[in-house]
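Just below is one structure, and these are the notes that go with it.
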Amino acid sequence: MEAPDIELDNPLENSNEMEKLGGLLNYLNSRVFGWEETNQEIYDAIISYRTRPGQMRIRPLSIMLVGSTGTGKSEVAKALAKHLFGNEQAAHIQNMGVIQSKEDKNNILGSARGYIGSEDLTELEQFIRSNEKSGGVILWDEISNMGGNDLQLKESLFKLFYGMVEEGVWTPPGRDEPYDLSKFIFIFTGNDGEKLFQGLSADDMRLAVWGMNNKKERIRSLLREAGIPEAFLGRMADLILAKPLIESVMEQVAVKLIGPVREAFAKNNVDVKVSKKYLDQFVRSFFSQDMGARSLRNMIDEKLMGWVGQLYIQTKDKIGMNERLTVELKVYDNLPAEAFVIDEGFQREVKVVLEAKVNNKILGKLSRDVSNYAPKKIRMTKKGAVVTSYHEAGHAAVNDPEITNQKIAFLTIKGADEYLGYARYDSLSKDVAGDNNTRSSILYEMARLLAGQRAQQLAGFEADTGWSNDIEKVRKIAYNYFVRYGDPGASQTLSLIVGSEGILKLQSEKIINDLMVKIDDFVKEADALSVNLLLKNWNVVEAVKNELLLKGEMSGKEFESLKASTNNNSTDEWVLAADGRAQKKSAITSKWYDRWFNSLRQGTAKVQPLPSLSVNELVDISLFEAFKNSDLKRKILGSLEESKNNVSSSSAKGISMCDRALESAN
């Protein structure tokens with residue numbers, strides 16, 4: 001007798017299932033904004049699992065999703081429930097971070113038979129029992145916080161999930177019959193990746209950090225450091241680092257979050273409206289990268305809802321029969337879009353105004369000063385913007401990708417936190433290692449570090465407190481070069497005995513003195529190289545400085561394009577003038593230039609004098625050059641007339657120069 005054929009549940013022949021899966025990615029992107037890459041990874045895992053024959057789907061699909069708070073982890077669970085299982089009630093969000101002891105788990109997973117409450121169904125069991133046949137999504141939220149800092153407790157708690165995710169069944173402590181979990185999707189979440197982004201509120205830096213860490217081995221390492229057992233991680237279909245939310249996608253999030261407010265008041269004949277202009281300002285004023293979407297949700301749920309209600313109460317008696325009230329939201333923020341402020345006594349003011357109208361007639365207004373609710377955003381002074389522009393332009397202009405194996409990825413003078421400006425680099429290839437450390441590559445790395453401060457000085461500004469930090473970094477690089485590598489480029493090397501942290505064990509005064517001399521000479525050589533490269537590329541420095549003053553930031557592609565066009569269109573050569581500033585070679589005699597070049601080669605060139613012009617005059621001239629070469633309109637400086645009354649006469653003169661330049665360009 002032949003064995004009967006085994007019927008396989010083939011999803012590929014199920015048109016309804018194929019239709020759901022076919023539209024899943026677009027649906028996820030329409031619900032969870034700015035997560036295109038993260039949604040793609042989630043989609044790939046679901047497709048891989050849901051297209052398998054039924055007998056191969058004996059366990060729940062389990063994904064570990066980590067990242068910053070407020071990025072969309074809970075929203076993605078609701079979206080999956082809605083699209084795959086018909087409604088958002090098919091998603092259960094279980095807070096696992098509350099389990100800090102063995103006893104705490106009983107409130108979620110149930111008590112053993114004989115204990116109080118063992119006969120009661122927990123919320124989790126109720127959800128699984130109600131959805132066992134159809135399936136659903138369980139979001140095990142903040143599971144990496146389970147057990148706190150007790151690693152033994154944490155590991156024992158995670159073992160409770162091994163049977164669920166591996167065998168696809170769960171028998172609560174007080175039950176005899178197991179539940180079938182094969183139709184469920186498990187999403188385990190944690191904020192473990194949050195520490196990667198702490199202290200970074202610049203969108204570029206957050207995306208760069210995400211890109212560098214969005215690798216499976218790196219995510220696994222982060223989770224292991226948090227105490228999550230390898231045995232648990234090995235049972236996951238995928239480990240995903242959620243993409244951080246950035247300001248450019250938050251308008252969509254804001255529209256979505258305001259939606260429930262609109263719906264609630266629409267039932268009472270009140271239309272809540274926000275124009276794109278004020279919606280954009282709402283996002284710019286209240287979005288905090290550290291809090292993610294919660295920063296906007298808090299303002300909408302805790303403030304906006306109440307303000308609209310207050311205004312409705314004030315004006316409802318003025319509304320006629322069959323008339324609809326319109327409440328318009330307006331947001332005002334005096335924070336300039338530019339990277340600097342004109343008035344050094346600037347105080348930020350953020351105000352929300354709601355206007356109640358019927359047929360465009362204003363019935364009432366509500367105004368609130370919400371400056372204290374706006375995340376702190378720092379702006380530099382006018383001088384600081386100019387100096388920082390030169391500084392970052394100097395770093396970028398000196399970098400030689402063919403030697404350092406790094407290219408400019410991003411430049412900004414309106415960074416955040418302690419980094420008001422920075423230059424970020426990417427490797428030429430993430431999958432190809434650069435050449436081994438050579439004397440030239442290390443020398444150019446040191447010169448690039450020194451070039452920021454040197455660019456400031458060549459522009460006529462004094463070195464600032466960052467100079468000592470740059471010197472310290474450069475000296476450490478030189479120290480490591482001689483101690484760890486022994487100066488392989490030299491005919492003789494220092495055979496030094498060092499400890500694990502690079503500290504000299506052999507305390508020979510002669511060796512130490514020789515080492516210090518070598519380090520000093522190497523630093524001087526890097527310093528002279530930085531000045532030489534800056535002068536060689538000073539046209540690029542000026543062009544980049546102007547661009548940064550106007551736009552505040554530029555991408556690596558924009559930098560390369562600007563550098564190429566500047567080199568193609570400018571023939572000016574620059575040298576070091578007697579006062580230590582960069583000067584066009586055409587302005588001095590060739591005899592003087594020869595004398596200067598020899599002094600530079602010998603390390604005696606004068607590169608750190610006090611500027612001969614006043615600081616205000618240097619700033620004004622730099623701003624004037626930037627605006628003179630732009631096609632920007634008067635609005636770039638805000639209200640010029642008001643600014644002239646709040647600054648020194650020298651600064652007012654510079655603003656007037658910009659004003660005239662803009663007028664002549666129009």
Side-chain angles (χ1 to χ4, degrees), residues 33 68-71 200-203 244-265 270-316 325-357 362-380 414-417 552 635 638-639 642 646:
F33 306 119
S68 299
T69 184
T71 53
L200 299 176
S201 58
D203 285 342
L245 291 178
I246 58 176
E247 189 174 293
S248 60
V249 302
M250 292 310 295
E251 181 184 338
Q252 295 171 285
V253 176
V255 170
K256 181 176 180 179
L257 293 175
I258 292 175
V261 178
R262 286 177 166 147
E263 292 174 8
F265 282 97
V270 179
D271 296 323
V272 179
K273 293 187 177 180
V274 189
S275 68
K276 186 179 186 308
K277 171 186 174 181
Y278 292 114
L279 185 67
D280 290 346
Q281 188 59 64
F282 180 84
V283 170
R284 289 195 298 269
S285 295
F286 299 114
F287 173 57
S288 164
Q289 283 84 350
D290 286 340
M291 292 181 63
R294 286 194 177 95
S295 58
L296 299 186
R297 182 183 291 114
N298 290 346
M299 284 300 299
I300 292 169
D301 292 348
E302 298 176 14
K303 299 298 178 184
L304 180 60
M305 178 76 80
W307 293 332
V308 176
Q310 290 178 46
L311 193 56
Y312 174 71
I313 293 172
Q314 293 174 19
T315 58
K316 64 184 182 67
L325 183 71
T326 298
V327 176
E328 293 184 7
L329 170 68
K330 298 181 179 180
V331 183
Y332 301 94
D333 192 335
N334 67 342
L335 185 74
E338 294 75 40
F340 58 92
V341 293
I342 301 297
D343 181 5
E344 295 186 14
F346 171 80
Q347 294 289 330
R348 190 177 179 194
E349 295 178 358
V350 185
K351 185 169 64 172
V352 168
V353 176
L354 284 86
E355 295 180 351
K357 300 179 180 179
I362 297 179
L363 301 184
K365 284 187 179 183
L366 183 146
S367 179
R368 292 287 185 272
D369 183 341
V370 290
S371 305
N372 291 336
Y373 297 97
K376 185 177 181 180
K377 294 184 180 180
I378 299 174
R379 287 291 185 268
M380 286 183 282
K414 59 176 187 180
D417 314 301
K635 66 179 181 180
S639 177
E642 292 182 8
N646 298 321

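Contacts classified as salt bridge (charged side-chain N to carboxylate O under 4.0 Å, His left out) and involving residues 327-336 (residues at least two apart or in different chains) are given here: Glu328-Lys357, Lys330-Glu355, Asp333-Arg348.
Panel note: side chain Arg297, backbone Leu257; no donor-acceptor pair is recorded below 3.5 Å. Proximity of a side-chain donor or acceptor of Arg262 to a complementary backbone N or O of Val272 within less than 3.5 Å is detected. Proximity of a side-chain donor or acceptor of Ser295 to a complementary backbone N or O of Gly292 within less than 3.5 Å is detected. In this structure a side-chain-to-backbone donor-acceptor pair under 3.5 Å is present from Asn334 to Gln347.
Under the 4.5 Å side-chain criterion, counting only non-hydrogen atoms from C-beta, Trp307 is in contact with Val352. Within the 4.5 Å cutoff, the side chain of Phe346 has no heavy atoms near those of the Arg379 side chain. Taking 4.5 Å as the limit, some side-chain heavy atom of Leu366 sits within range of a side-chain heavy atom of Gln310. For the pair Phe282/Val331, a side-chain contact is recorded, criterion being any heavy-atom separation below 4.5 Å from C-beta on. Val253 has its side chain out of reach of Lys256: every pair of non-hydrogen atoms, C-beta onward, lies at least 4.5 Å apart. Counting heavy atoms from C-beta on, the side chains of Leu335 and Val350 never come closer than 4.5 Å. Met291 has its side chain within reach of Asn298: a pair of non-hydrogen atoms, C-beta onward, lies under 4.5 Å apart. Residues Tyr332 and Glu349 have side chains not in contact (no heavy-atom distance under 4.5 Å, counting atoms from C-beta outward).
The side chain to side chain donor-acceptor pair (under 3.5 Å) with Asp280 is formed by just one residue from the set Lys277, Lys276, Arg284; it is Lys276.
Taking CG from Leu363 and CG from Leu311, the interatomic distance works out to 9.0 Å, rounded to the nearest 0.5 Å. Atom CD1 of Ile258 and atom CE of Met305 lie 11.0 Å apart (nearest 0.5 Å). Atom CG of residue Leu329 and atom CD of residue Gln281 lie 11.0 Å apart, to the nearest 0.5 angstrom. Atoms CE and OH, from Met299 and Tyr373 in turn, are 7.5 Å apart once rounded to the nearest 0.5 Å. Considering OG of Ser285 and NZ of Lys351, their distance stands at 12.5 Å, rounded to 0.5 Å.
Scanning both residues, Ala293 and Leu245, for their nearest heavy atoms gives N-CD1, 3.9 Å.
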Under the side chain to side chain contact (heavy atoms under 4.5 Å, CB included) rule, what do Met250 and Leu296 come out as? Steps first, then yes or no, please.
CA-CA 9 Å; Met250 292 310 295; Leu296 299 186; 3.5 Å; yes

From CA spacing to verdict: side chain to side chain contact (heavy atoms under 4.5 Å, CB included), Tyr312, Leu325:
CA-CA 8 Å; Tyr312 174 71; Leu325 183 71; 4.0 Å; yes

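The neighbour count for Lys377 NZ, taken as heavy atoms of other residues, nucleotides or ligands under 6.0 Å away, is above 12.
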